[in-house]
Amino acid sequence: MSTKHPNPTEAQALAEAVADAMWARDRAANALGIKIESVGPGVSHLSMPVRGDMVNGHHICHGGLIFSLADTAFAYACNSYNKNTVASACHIDFLAPGMENDTLDAEAVERSQSGRTGVYDVTVKSRQSGKTIALFRGKSYRISGEVIAGLAAVPAA
């Protein structure tokens, strides 16, 4: 029994097309000023500036907004194969505060993919200080359909 492995160039092009399609509909990420730095099969790197309207009563970035950045990076990584995928569970550990006028970088990496489920780790870091701000682990579940309907899906690696 042979396993067909996708051409890396095709898999990368698919991940980028899926990210573009998701981005066009992702009003929440757009409103938060999130930017796609890069995507690939099972991975993503997104960034978010910490604006004045994002700080809480302690004058640090609201944890829910850090979670939103990490969750968005998770979404772009786990949907990169053009198979509709949603979160089934996630957990975040906040390690340091995000500060106003900083940019936060979230890097998502696929750790496991089997059947309909996957596990992804997201590290959120401060671009200014280099400190790790948060560690996020998301569990994904594939549902029916495709991000870009009718476009061939690439099997997970």
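Quick note: residue numbers are just sequence positions, from 1.
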**Item:** same_hphob_cluster(Ile148, Trp23) at 4.5 Å side-chain heavy-atom cutoff
**Value:** yes

**Prompt:** Do you know which two heavy atoms are closest between Met54 and Pro49, and how far apart they sit?
**Reply:** SD-O, 3.2 Å

**Complete:** One should read off an interatomic distance between Ser80 OG and Glu110 CD, to the nearest 0.5 angstrom, of 7.0 Å

**Prompt:** Just by modelled atom types, is the Ser144 backbone N or O under 3.5 Å from a matching donor or acceptor in the Asn84 side chain?
**Reply:** yes

**Prompt:** If Ile, Leu, Val, Met, Phe, Trp and Tyr residues are connected whenever their side-chain heavy atoms lie under 4.5 Å apart, and connections chain through other members, are Ile66 and Ile60 in the same group?
**Reply:** no

**Fill in**
Taking every heavy atom of Ala73 against every heavy atom of Ser44, the minimum-distance pair comes out as O-OG, 2.7 Å

**Under 3.5 Å: donor-acceptor pair, side chain of Ser140, backbone of Gly118** = yes

**Item:** Euclidean distance, Ile36 CD1 relative to His45 NE2, rounded to 0.5 Å
**Value:** 11.5 Å

**Request:** I would like to know whether Thr72 and Asp26 meet side-chain contact (heavy atoms from CB on, under 4.5 Å); could you show each step before the answer?
**Result:** CA-CA 9 Å; Thr72 303; Asp26 196 341; 4.0 Å; yes

**Request:** Report yes or no: do Phe136 and Leu32 belong to one cluster of Ile/Leu/Val/Met/Phe/Trp/Tyr joined by side chain heavy-atom distances under 4.5 Å?
**Result:** yes

**Request:** Flag the pair Arg127 and Glu107 as a salt bridge only when some basic side-chain nitrogen lies within less than 4.0 angstrom of an acidic carboxylate oxygen.
**Result:** no

**Message:** To the nearest 0.5 Å, what is the distance between OG on Ser112 and NZ on Lys139?
**Reply:** 10.5 Å

**Message:** Go through it in stages, so that I can follow the logic: the residues are Ile143 and Thr85, the test is side-chain contact (heavy atoms from CB on, under 4.5 Å), and I'd like the CA-CA distance, side-chain angles, deciding distance and then a yes or no.
**Reply:** CA-CA 6 Å; Ile143 58 175; Thr85 306; over 6 Å; no

**Item:** Thr9 versus Asn7, closest heavy-atom pair with distance
**Value:** N-OD1, 2.7 Å

**Prompt:** Quick one: are Leu135 and Thr123 in side-chain contact, heavy atoms under 4.5 Å?
**Reply:** yes

**Item:** Side-chain touch Val147/Met22, heavy atoms, less than 4.5 angstrom
**Value:** yes

**Prompt:** Nearest heavy-atom pair of Pro97 and Ile133: which atoms, and what distance?
**Reply:** O-CD1, 3.3 Å

**Prompt:** Hey, quick one: are Phe74 and Leu65 part of the same hydrophobic cluster, counting side-chain heavy atoms closer than 4.5 Å, chains of contacts allowed?
**Reply:** yes

**Message:** Under the criterion side-chain contact (heavy atoms from CB on, under 4.5 Å), I'd like the reasoning laid out for Phe94 against Ile92: C-alpha separation, chi angles, the key distance, then a yes or no.
**Reply:** CA-CA 6 Å; Phe94 297 105; Ile92 193 165; 3.7 Å; yes

**Message:** For His62, is the NE2 atom crowded, meaning more than 12 foreign heavy atoms sit under 6.0 Å from it?
**Reply:** no

**Fill in**
Nearest heavy-atom contact between Cys61 and Asn56 is O-ND2, 4.1 Å

**Complete:** Separation between CD (Glu100) and CG (Asp53), nearest 0.5 Å, reads 9.0 Å

**Request:** Tell me yes or no: between the side chains of Gln113 and Tyr120, is some donor less than 3.5 Å from an acceptor?
**Result:** yes

**Message:** Within the 3.5 Å criterion, strictly below it, is a donor on Ser126 or Asp102 matched to an acceptor on the partner's side chain?
**Reply:** yes

**Prompt:** Between Arg137 and Arg111, is a side-chain contact (heavy atoms from CB on, under 4.5 Å) present by the stated rule, with each step listed?
**Reply:** CA-CA 10 Å; Arg137 173 159 276 190; Arg111 297 295 183 199; 4.1 Å; yes

**Joint cluster assignment, Val119 & Phe67, ILVMFWY side-chain distance < 4.5 Å** = no

**Asked** Between Asn79 (side chain) and Ala75 (backbone), is there a donor-acceptor pair under 3.5 Å?
**Response** yes

**Asked** Taking atom NZ of Lys35 and atom OG of Ser47, what is their separation to the nearest 0.5 Å?
**Response** 6.0 Å

**Request:** For residues Gly130 and Lys125, report the shortest heavy-atom separation together with the two atoms involved.
**Result:** O-CD, 4.2 Å

**Complete:** Given the options Val18, Leu46, Val43, Tyr76 meets side-chain contact (heavy atoms from CB on, under 4.5 Å) only with Leu46

**Item:** Val50 vs Val55 side-chain heavy atoms within contact, under 4.5 Å
**Value:** yes

